[in-house]
Trainee: 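Quick one: the structure is below, and I'll ask about it shortly.
Each chain gets a letter, A, B and so on, in the order its sequence line appears, and its residues count up from 1. FYI, side chains are in, hydrogens and waters are out, and symmetry mates aren't considered; it's all heavy atoms of this structure.
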There are 2 protein chains.
Amino acid sequence: MGASAITRTEVDVTHNPANVVARAAAVLEAVARSSAEGARLVDLAAATGIARPSVHRLLQDLTEVGYIEQGTDRLYRLGSGLFMLGLNAPTPGWDLTAIRPIAAALAERSEDTVYVSVRQFDGVHYLLRTEGAYPIRAQLVDVGDTKPYTSSYSGLALLSTLGTAEQDKALASRSFDVPEGWLGDTDVDGLLRSKLADVATLGYCGGASVVMPGVAGMAAPVPSRTQRPYMAISISAVEARLTPERMADLAPDLLEAAKQISLLIP
Amino acid sequence: MGASAITRTEVDVTHNPANVVARAAAVLEAVARSSAEGARLVDLAAATGIARPSVHRLLQDLTEVGYIEQGTDRLYRLGSGLFMLGLNAPTPGWDLTAIRPIAAALAERSEDTVYVSVRQFDGVHYLLRTEGAYPIRAQLVDVGDTKPYTSSYSGLALLSTLGTAEQDKALASRSFDVPEGWLGDTDVDGLLRSKLADVATLGYCGGASVVMPGVAGMAAPVPSRTQRPYMAISISAVEARLTPERMADLAPDLLEAAKQISLLIP
DNA sequence: TATTTTTAGTCCATCTAATGAACTTTATGA
DNA sequence: TCATAAAGTTCATTAGATGGACTAAAAATA
């Protein structure tokens, strides 16, 4: 080694530039993965492994084109420009042929109806249904339907993964088809919020006769490797069959099915 | 000019590097603007003003992250990665759950189908539809569809708020699905321009059997507090029900609905 | 089928714009 | 008030983006 020379370090390995598009995408997806409340700059830097100043400038550039928005709380969120692009983008080919057997197994195990659904705009879009062996079924939704979050446990499971702003909005505009006076003076808002909390603590939520008299259900969000959860799996049955005990009994199977599906989706 | 010297050109003004994120976004939006069939490389280069090789590499990078897909026909389309991001992105300010009741009230009043749509790139994107009580309906568009400006009165209402350059462009490329010879020797260009003028003078435009035989419609742009109008509300019905008299009768309700919606959007 | 025309994709010298360490500013909270 | 942490800014360095020129591969035409 040259004993002479100045203290000049051998090489500057600090820089690590790479494909800017890939870096910007990494930042976008880090934001998408973050809590719906928004993401902090430091966390995005940590998540992507990109230096803070670089992340900061990427976020600025992305803000300029409307793909990122920054709140007064300084947190970064996805921007509505992405929504507009997303409207024109094709839906990913969910591999339903691979997902269906998992749902079918759960339907066989539970003997009731299993739904798989995805979050779409401001509601739940049902992708598939598999019937269990039990002959009495409540046919509340069809495959292809899109329903408000508050109209099903699937919806609540998905809503629980969103920010408080979205939750407040969904609860404020809640509307499920219940007979006048059915719920009496129940604190529906509080009830629904407790269901949302259940998802956080138990990984699923469930109940009976809230959405519709005589109908019970339980649902869990399906984790995603790349995004905030956007898919849910649920079991729907007549009230008598989904007692709290039975729900606790089925919960491990529901969560296991969700986990299996998570391996098949982006 | 320097008589001496070699043929070396004075300066190389060819390069025009700029914010990569902005360029990638420009390419994405050029693809989004293109026909759903896909976009050709040359056209994207022309649309964005970026050199073909650069567009090509940007497309490659965007493909790598799933924001662009290329078919075997070599055409470039938006990728499903954008759909996934769009899922987590906020809708651009407008709150459909608040707008829907207003549309529903107009549908109830008119007994026919009411659409709410937004301007998107070079067309009209339908956000919601509420059916009226009248049983005979023309189902021309679905929610989620994006149609050219010239294919509906909603489109004309939105187009009227744009510059003459955009209007000329839209009218030049007009294409609606009418039977061969349906319009005879009508001056379609003049007719459409008169509809655009109607919006300026009356606040709405309407007519029958231009877009499609037997179908009539009327539409008004929804004012925006912060930008040029980007949303429209329209009534669609079979021709017999939307006579000029009835349109004049319904116009105040249409404009009132537009005004109410304008209070709910940015 | 051969020939032309058009478009997609590749290569590479140039040099801009992206990068991150170091620094300043702003917010949070004790 | 001061301390701490995060946001945001600056700037020398240089890696990677850029587009002209070229080649390859389709379409289009004869």
Side-chain angles (χ1 to χ4, degrees), chain A residues 5-28 30-31 34-35 37-65 67-79, chain B residues 5-28 30-31 34-35 37-65 67-79:
Chain A
I6 319 299
T7 51
R8 203 76 191 73
T9 41
E10 31 278 323
V11 243
D12 197 353
V13 214
T14 52
H15 282 257
N16 180 29
N19 189 321
V20 181
V21 171
R23 305 190 136 217
V27 171
L28 276 180
V31 176
S34 305
S35 137
E37 309 298 343
R40 304 188 317 158
L41 179 58
V42 268
D43 297 333
L44 293 174
T48 56
I50 302 171
R52 280 184 295 283
S54 294
V55 174
H56 183 253
R57 213 170 42 70
L58 285 171
L59 286 167
Q60 279 183 306
D61 293 347
L62 288 166
T63 302
E64 208 115 342
V65 296
Y67 297 171
I68 286 286
E69 286 167 5
Q70 186 175 25
T72 50
D73 50 9
R74 295 185 158 208
L75 296 179
Y76 295 96
R77 295 173 253 280
L78 295 184
Chain B
I6 319 297
T7 51
R8 200 78 189 73
T9 41
E10 32 278 322
V11 240
D12 198 354
V13 213
T14 52
H15 281 258
N16 179 28
N19 187 322
V20 181
V21 170
R23 304 188 137 219
V27 170
L28 275 181
V31 174
S34 303
S35 132
E37 311 297 340
R40 303 187 316 160
L41 179 58
V42 268
D43 297 332
L44 294 174
T48 55
I50 303 171
R52 281 185 295 282
S54 294
V55 175
H56 184 254
R57 212 171 42 69
L58 285 172
L59 286 167
Q60 280 184 304
D61 293 346
L62 289 166
T63 302
E64 209 115 341
V65 295
Y67 296 173
I68 286 286
E69 288 167 6
Q70 187 176 24
T72 51
D73 50 9
R74 296 184 156 207
L75 296 180
Y76 295 96
R77 295 172 254 277
L78 294 185

Trainee: Expressed as a whole number of angstroms, how long is the span from B/Leu58:CG to C/dA8:C1'?
Mentor: 16 Å
Trainee: Reckon A/Ser54 has a side-chain N or O less than 4.0 Å from the OP1 or OP2 of C/dA18?
Mentor: no
Trainee: Grab the N/O contacts between the protein and nucleotides 5-11 of chain D below 3.5 Å, and write none if there aren't any.
Mentor:
unit_1: D/dA7; atom_1: OP1; unit_2: A/Leu41; atom_2: N; d: 3.0
unit_1: D/dA7; atom_1: OP2; unit_2: A/Val42; atom_2: N; d: 3.0
unit_1: D/dA7; atom_1: O4'; unit_2: A/Arg74; atom_2: NH1; d: 3.2
unit_1: D/dA7; atom_1: O3'; unit_2: A/Arg74; atom_2: NH1; d: 3.0
unit_1: D/dG8; atom_1: OP1; unit_2: A/Gln70; atom_2: NE2; d: 3.3
unit_1: D/dG8; atom_1: OP2; unit_2: A/Tyr76; atom_2: OH; d: 2.6
unit_1: D/dG8; atom_1: O5'; unit_2: A/His56; atom_2: NE2; d: 3.4

Trainee: Would you say A/His56 and A/Arg52 make side-chain contact, with heavy atoms under 4.5 Å?
Mentor: no
Trainee: Enumerate donor-acceptor pairs with a distance under 3.5 Å from any side-chain N or O in residues 38-49 of chain B to protein atoms, sequence neighbours excluded.
Mentor:
unit_1: B/Arg40; atom_1: NE; unit_2: B/Asp43; atom_2: OD2; d: 2.9
unit_1: B/Arg40; atom_1: NH2; unit_2: B/Asp43; atom_2: OD1; d: 3.3
unit_1: B/Thr48; atom_1: OG1; unit_2: B/Leu44; atom_2: O; d: 2.7
unit_1: B/Thr48; atom_1: OG1; unit_2: B/Ala45; atom_2: O; d: 3.4
unit_1: B/Thr48; atom_1: OG1; unit_2: B/Ile50; atom_2: N; d: 3.3

Trainee: I need the CG-C1' distance between B/Asn19 and D/dT18, as an integer number of Å.
Mentor: 14 Å
Trainee: How long is the gap from CG on B/Asn19 to CD on A/Glu64, to the nearest 0.5 Å?
Mentor: 7.0 Å
Trainee: Just so I know, are the side chains of A/Tyr76 and A/Val55 near enough to count as touching, which here means a heavy-atom distance under 4.5 Å?
Mentor: no
Trainee: Rounded to whole Å, how long is the line connecting atom CG of B/Asp61 with atom P of D/dA17?
Mentor: 7 Å
Trainee: What is the distance, to the nearest angstrom, from the CD1 atom on A/Ile50 to the C1' atom on D/dA15?
Mentor: 15 Å
Trainee: Distance from B/Arg57 atom CZ to B/Thr63 atom OG1, nearest 0.5 Å?
Mentor: 12.5 Å
Trainee: Check the phosphate of C/dA17 against A/Arg57, side-chain N and O only, distance under 4.0 Å to OP1 or OP2. Yes or no?
Mentor: no
Trainee: Can you name the closest pair of heavy atoms from A/Val21 and B/Val20 and give their distance?
Mentor: CG2-CG1, 4.3 Å
